[in-house]
Amino acid sequence: MKKSVFLGALTVAGLAAGASAAATLDDVKARGTLNCGVAPGLVGFAAPNAEGEWEGFDVSVCRAVAAAVLGDPTAVEFVPTTGKTRFTALASGEIDMLARNTTWTFSRDVDLKFEFAGVNYYDGQGFMIPRELGISSAKELDGATVCIQTGTTTELNLADYFRANNISYEPVPIETNAEAQPLYLEGACDVYTTDASGLAATRASFENPGDHVILPEIISKEPLGPLVRHGDNDWGDIVRWTLNALIAAEEYGVTSANVDDLAEGTDNPEVNRLLGTEGNLGEMMGLDADWAVRAIKANGNYGEIFEQNIGESTPIGLSRGLNAQWTEGGLLYSPPFR
């Protein structure tokens, strides 16, 4: 197992070295579309709606980047990726960026040669079980069968947690969330484990969500965010600062509704630099002055995107928690626009 994972890492690293020579910004502009890797279907984060149009929290990041670079938030080709295929797709150049509930780790950043553009959701791994089992703690899961996605940090976290608590489990390997749902509902596994946000999204799609409980234990840190290849720093800057623009916009009260008015000029120099009425930040990245205005107009600022897709008023029902602005006790914090 360890040997195959190591060889897989070497393969992806090799692909990354080959693909990074291309200037992604030039490729995207020439193509006229952004190729964005997303989850194959995780309601609230990335999934096609009834009309077949992709929508969700992660999808909105892709659309913001497309708006900033191409002037059109719909100019995105969404490429579904699994835990196994996502890194090869990015390293090979099949996709320009990955926005797919992917955890920022040392080895993915350094060994696999990827560049994380920031964190758009602070998460942690949890457990979901049928309410009828009457279990209130993950420490009561000794001997349980556990549905778990392969090729993810979830596998390693699960093994560490059960070993540390001297309890056993039987893994039921799955590749996608869509594959896990029927197995879990049919009783092929007692437990489903993944990021807590993913569990909430999965439970919301059930016919009877109240029949299932997410246990209180969070057993890991899962900082999720978009990533690009090493070696293409100009493109990485664009993805990073587009995400920062969405975060900063919420902090400064810039919304999809008022951004056009504020772009005419305000008394706040930081807002003026963000929206391009002062300075030349867009020019520094090879974009025009209105890049952030378009990114914010695409789906709103970070708070708007959160509430529309996964917030407490949606079936997913997530509170802001750690994903609140730093001014509200959360971890969201954009570096200065200056």
Side-chain angles (χ1 to χ4, degrees), residues 20 23-29 34-37 57-73 75-76 90 95-100 102 104 109 114-122 223-256 259 262-263 266 268-306 323 325-327 330-338:
S20 64
T24 306
L25 175 58
D26 292 339
D27 290 345
V28 171
K29 285 183 173 181
L34 170 70
N35 294 334
C36 197
F57 183 78
D58 291 329
V59 164
S60 295
V61 176
C62 303
R63 294 201 185 281
V65 173
V69 175
L70 300 171
D72 182 359
V76 185
L90 180 59
I95 57 177
D96 305 309
M97 60 178 286
L98 181 64
R100 183 202 177 281
T102 297
W104 188 349
D109 194 328
F114 295 127
E115 187 84 15
F116 281 80
V119 177
N120 72 328
Y121 194 91
Y122 290 93
L224 311 178
L227 57 156
V228 299
R229 291 177 289 275
H230 267 191
D232 199 350
N233 297 338
D234 292 342
W235 178 247
D237 287 343
I238 289 172
V239 176
R240 177 178 302 106
W241 285 98
T242 298
L243 174 59
N244 285 336
L246 301 179
I247 294 170
E250 181 187 18
E251 178 181 351
Y252 293 116
V254 181
T255 70
S256 56
V259 64
L262 295 178
T266 73
N268 187 326
E270 181 92 350
V271 172
N272 293 342
R273 289 189 292 268
L274 169 66
L275 302 183
T277 54
E278 291 182 19
N280 63 337
L281 300 187
E283 181 182 342
M284 293 179 188
M285 298 193 298
L287 302 178
D288 63 15
D290 295 329
W291 65 277
V293 173
R294 293 192 300 271
I296 296 163
K297 286 180 68 174
N299 289 108
N301 63 34
Y302 180 93
E304 290 177 277
I305 291 169
F306 191 104
N323 297 290
Q325 288 280 340
W326 67 286
T327 52
L331 297 179
L332 280 193
Y333 189 113
S334 170
F337 279 79
R338 64 166 58 252

Is it the case that [X] and [Y] place a side-chain donor and acceptor less than 3.5 Å from each other?
X      : Y      : answer
Glu304 : Ser256 : yes
Asp96  : Thr24  : no
Glu250 : Asn301 : no

Would a line drawn from the ring center of Phe57 to the ring center of Tyr302 be shorter than 6.0 Å? yes

Looking only at heavy atoms, which two atoms of [X] and [Y] are closest? And how far apart?
X      : Y      : answer
Leu274 : Ala245 : CD1-CB, 3.8 Å
Asn268 : Tyr252 : ND2-CD2, 3.8 Å
Gly300 : Ile305 : O-CD1, 3.5 Å
Phe116 : Asp109 : CE1-N, 4.3 Å
Leu262 : Gly253 : CD1-O, 4.2 Å
Leu246 : Ala295 : CD2-O, 3.7 Å

Straight-line distance of [X] [atom1] to [Y] [atom2], nearest 0.5 Å:
X      : Y      : atom1 : atom2 : value
Leu332 : Asn244 : CG    : CG    : 10.0 Å
Leu98  : Asp58  : CG    : CG    : 9.0 Å
Ile247 : Gln325 : CD1   : CD    : 7.0 Å
Cys36  : Arg63  : SG    : CZ    : 9.5 Å
Arg229 : Leu90  : CZ    : CG    : 5.5 Å

Treating [X] as the side-chain partner and [Y] as the backbone partner, does any N or O pair qualify as donor plus acceptor under 3.5 Å?
X      : Y      : value
Asn272 : Thr266 : yes
Arg240 : Gly118 : no
Arg273 : Phe337 : yes

May I have the step-by-step check of side chain to side chain contact (heavy atoms under 4.5 Å, CB included) for Leu227 and Met97, ending in yes or no? CA-CA 6 Å; Leu227 57 156; Met97 60 178 286; over 6 Å; no

Run the side chain to side chain contact (heavy atoms under 4.5 Å, CB included) test on Leu331 and Tyr122 for me, step by step, so that the C-alpha distance in whole Å, both residues' side-chain angles and the decisive distance to 0.1 Å come before the verdict. CA-CA 8 Å; Leu331 297 179; Tyr122 290 93; 3.7 Å; yes

Specify whether Tyr121 and Phe306 have parallel, tilted or perpendicular ring planes, treating 30° as the upper limit for parallel and 60° as the lower limit for perpendicular. parallel

Walk me through whether Asn120 and Asn323 qualify under side-chain hydrogen bond (donor to acceptor under 3.5 Å, both in side chains). CA-CA 8 Å; Asn120 72 328; Asn323 297 290; over 6 Å; no

Could you walk me through whether Trp235 and Val28 satisfy the side chain to side chain contact (heavy atoms under 4.5 Å, CB included) test, starting with their C-alpha distance in whole Å, then the side-chain angles of each, then the deciding distance to 0.1 Å, before giving a yes or no? CA-CA 10 Å; Trp235 178 247; Val28 171; 3.9 Å; yes

Looking at side-chain heavy atoms only, is the closest gap between [X] and [Y] below 4.5 Å?
X      : Y      : answer
Leu243 : Pro226 : yes
Ile296 : Thr255 : no
Trp326 : Glu251 : yes

Pairing of Lys29 and Asp26 as salt bridge, 4.0 angstrom limit: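 Salt bridge: no.
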
Can we say Arg294 and Asp288 salt-bridge, meaning some charged N sits less than 4.0 Å from an Asp/Glu carboxylate O?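 Salt bridge: yes.
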
What residue among Asp237, Thr242, Leu281, Ile238 forms side-chain contact (heavy atoms from CB on, under 4.5 Å) with Leu287?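 Going through the options one by one, the only one that passes is Ile238.
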
Before you tell me yes or no, could you show the steps for Leu224 and Trp104 under side chain to side chain contact (heavy atoms under 4.5 Å, CB included), namely the whole-Å CA-CA distance, both residues' side-chain angles and the distance that decides it to 0.1 Å? CA-CA 6 Å; Leu224 311 178; Trp104 188 349; over 6 Å; no

